[in-house]
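First up is the structure itself, then whatever we jot down about it.
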Amino acid sequence: MRLRAMAKINLGLDVLRKREDGYHEVRMIMQTIQMYDLLDIRKKEEPGISLSTNLPYVPSDERNLVYKAAKLLMDEFDIKEGLSMKLTKFIPVAAGMAGGSSDAAAAFVGVNRLFRLGLSEEELMKRAVQVGADVPYCVMRGTALAEGIGEKLTRLPGLPKCYVLVGKPGINVSTKLAYENLHLDQTQSHPDIDGMISDIENQDLHSLTAKMQNVFEPGIISQYPVIQEIKDLMEANGALKAMMSGSGPTVFGIFDDRSKLREATEALRNSHLAKTVFATQIYNKK
């Protein structure tokens with residue numbers, strides 16, 4: 001069985017407060033895009049889980065979220081057969097695009113189907129939060145409002161048709177660093193998440209993109225100015241808006257016109273500002 005583990009972007013990202021348990025309360029609008037890793041899974045006779053990846057620095061043991069997700073279901077349902085998995089990564093690692101979380105979501109879906117466990121999407125999502133806060137959303141996919149620590153999800157209508165240009169500079173940013181550079185007491189500007197939801201309901205792409213905002217951006221851009229350079233280049237080449245996704249450093253631009261997307265893709269490649277350049281479109285759940 002081969003599954004696609006799709007990347008996500010954050011159209012809006014707000015951090016409300018730090019909770020007593022150390023986690024942060026967030027409000028985010030999440031969107032799946034058609035950029036994906038591939039997960040091949042099959043049963044094997046000998047018990048246990050084997051995982052291989054195409055990248056030497058990606059762990060292939062219980063440190064990998066794919067392994068964790070598969071083991072969680074196999075332990076719960078006492079599955080005696082073995083499982084062989086091969087993960088082929090295309091989504092950049094540590095990029096604010098939920099690559100690892102999406103891979104784990106694919107493992108949940110795949111193990112459920114392969115061993116005919118009969119779990120619904122909702123039942124999978126309940127288990128997925130044990131592996132990571134973004135994993136339930138990656139099981140669900142599409143356009144959604146995420147609240148709490150990211151695990152409280154409300155499905156939203158799909159976005160109007162649009163195109164996405166992804167540019168990741170040759171740097172990695174940890175979520176920990178993003179939070180260390182976020183000073184909520186000094187953050188004056190927060191995204192209008194409710195206004196964005198209203199724009200999505202009204203299918204108004206231009207109004208929606210005008211409101212796009214990520215509270216992590218100022219702190220991360222102050223450390224890595226290349227992020228601002230990529231944003232500026234995308235907007236100068238026809239993006240309605242360009243923004244950093246998640247805790248970064250990936251930048252994405254939203255386009256309403258495929259020819260503008262092509263021109264911007266070429267300009268970004270020629271600039272050498274980004275190590276990964278990928279042109280795609282959004283994925284709306286049917």
Side-chain angles (χ1 to χ4, degrees), residues 7-19 22-31 33 35 55 57-59 63 65 89-102 132-134 146 149-150 164-193 209-237 239-254 264-265 267-278:
K8 67 90 185 145
I9 52 176
N10 299 85
L11 301 173
L13 196 166
D14 199 7
V15 179
L16 308 179
R17 65 184 181 93
K18 189 169 185 176
R19 310 192 317 183
Y23 285 101
H24 287 80
E25 196 84 20
V26 296
R27 274 193 105 209
M28 309 184 284
I29 295 179
M30 320 271 264
Q31 175 64 48
I33 62 168
M35 177 184 200
L55 299 176
Y57 52 84
V58 172
R63 290 171 297 163
L65 299 185
K89 296 278 307 163
F90 299 102
I91 302 169
V93 177
M97 300 188 80
S101 298
S102 195
D134 276 345
I149 60 166
V164 182
L165 176 57
V166 172
K168 180 188 179 279
I171 49 174
N172 290 341
V173 175
S174 69
T175 307
K176 185 172 172 284
L177 179 78
Y179 276 109
E180 281 167 5
N181 282 285
L182 177 69
H183 306 290
L184 283 177
D185 51 341
Q186 295 162 26
T187 305
Q188 273 136 23
S189 180
H190 290 267
D192 177 8
I193 299 289
T209 50
K211 293 185 181 79
M212 279 181 10
Q213 195 184 338
N214 177 347
V215 291
F216 284 132
E217 254 192 13
I220 299 296
I221 287 172
S222 68
Q223 303 254 337
Y224 302 107
V226 65
I227 294 168
Q228 186 65 50
E229 289 179 59
I230 295 171
K231 282 180 57 169
D232 292 344
L233 184 143
M234 287 185 185
E235 289 177 2
N237 284 276
L240 298 176
K241 184 80 173 270
M243 190 172 89
M244 188 178 84
S245 184
S247 52
T250 303
V251 175
F252 68 90
I254 302 281
T265 304
L268 184 58
R269 284 210 173 104
N270 293 337
S271 75
H272 302 296
L273 291 170
K275 192 178 172 186
T276 304
V277 178
F278 192 84

For [X] versus [Y], what's the shortest heavy-atom pair and its separation?
| X | Y | answer |
| --- | --- | --- |
| Met28 | Gly150 | CE-CA, 4.2 Å |
| Val15 | His190 | O-CE1, 3.9 Å |
| Gln228 | Ile221 | OE1-CD1, 3.5 Å |
| Lys8 | Gly96 | NZ-O, 3.1 Å |
| Leu233 | Ser271 | CD1-CB, 3.6 Å |
| Gly219 | Ser222 | O-OG, 2.7 Å |

Can you find a heavy atom in the side chain of [X] that is under 4.5 Å from one in the side chain of [Y]?
| X | Y | answer |
| --- | --- | --- |
| Lys211 | Pro191 | no |
| Asn172 | Val93 | no |
| Phe252 | Ile33 | no |

Stepwise side chain to side chain contact (heavy atoms under 4.5 Å, CB included) test for Lys241 and Glu235 = CA-CA 6 Å; Lys241 184 80 173 270; Glu235 289 177 2; 3.8 Å; yes
Candidate pair Ile254 and Met212, rule side chain to side chain contact (heavy atoms under 4.5 Å, CB included), full reasoning | CA-CA 10 Å; Ile254 302 281; Met212 279 181 10; 4.1 Å; yes
Show the numbers, then the answer: is there a side chain to side chain contact (heavy atoms under 4.5 Å, CB included) between Met30 and Asn10?
-> CA-CA 5 Å; Met30 320 271 264; Asn10 299 85; 3.3 Å; yes
As an exercise, state the distance from [atom1] of [X] to [atom2] of [Y], rounded to the nearest 0.5 Å.
| X | Y | atom1 | atom2 | result |
| --- | --- | --- | --- | --- |
| Ser247 | Leu182 | OG | CG | 11.0 Å |
| Glu25 | Arg17 | CD | CZ | 4.5 Å |
| Lys168 | Ile227 | NZ | CD1 | 9.5 Å |
| Tyr224 | Leu177 | OH | CG | 5.5 Å |
| Ile29 | Ile9 | CD1 | CD1 | 11.5 Å |
| Ile230 | Leu268 | CD1 | CG | 6.0 Å |

Where do Val164 and Met35 land on the side chain to side chain contact (heavy atoms under 4.5 Å, CB included) test, with the steps shown first?
-> CA-CA 10 Å; Val164 182; Met35 177 184 200; over 6 Å; no
Taking [X] for the side chain and [Y] for the main chain, is one N or O donor matched with an acceptor at less than 3.5 Å?
| X | Y | answer |
| --- | --- | --- |
| Glu217 | Met243 | no |
| Asp14 | Val215 | no |
| Ser245 | Thr250 | no |
| Gln213 | Ser189 | yes |

Parallel, tilted or perpendicular: ring planes of Tyr179 versus Phe216, cut at 30 and 60 degrees |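 Tyr179 and Phe216: perpendicular rings.
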Just wondering, are more than 12 heavy atoms of other shown residues or ligands nearer than 6.0 Å to OH in Tyr23?
->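 Open.
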Pick from Ile91, Asp134, Thr276: which one makes a side-chain contact (heavy atoms from CB on, under 4.5 Å) with Met97?
-> Ile91
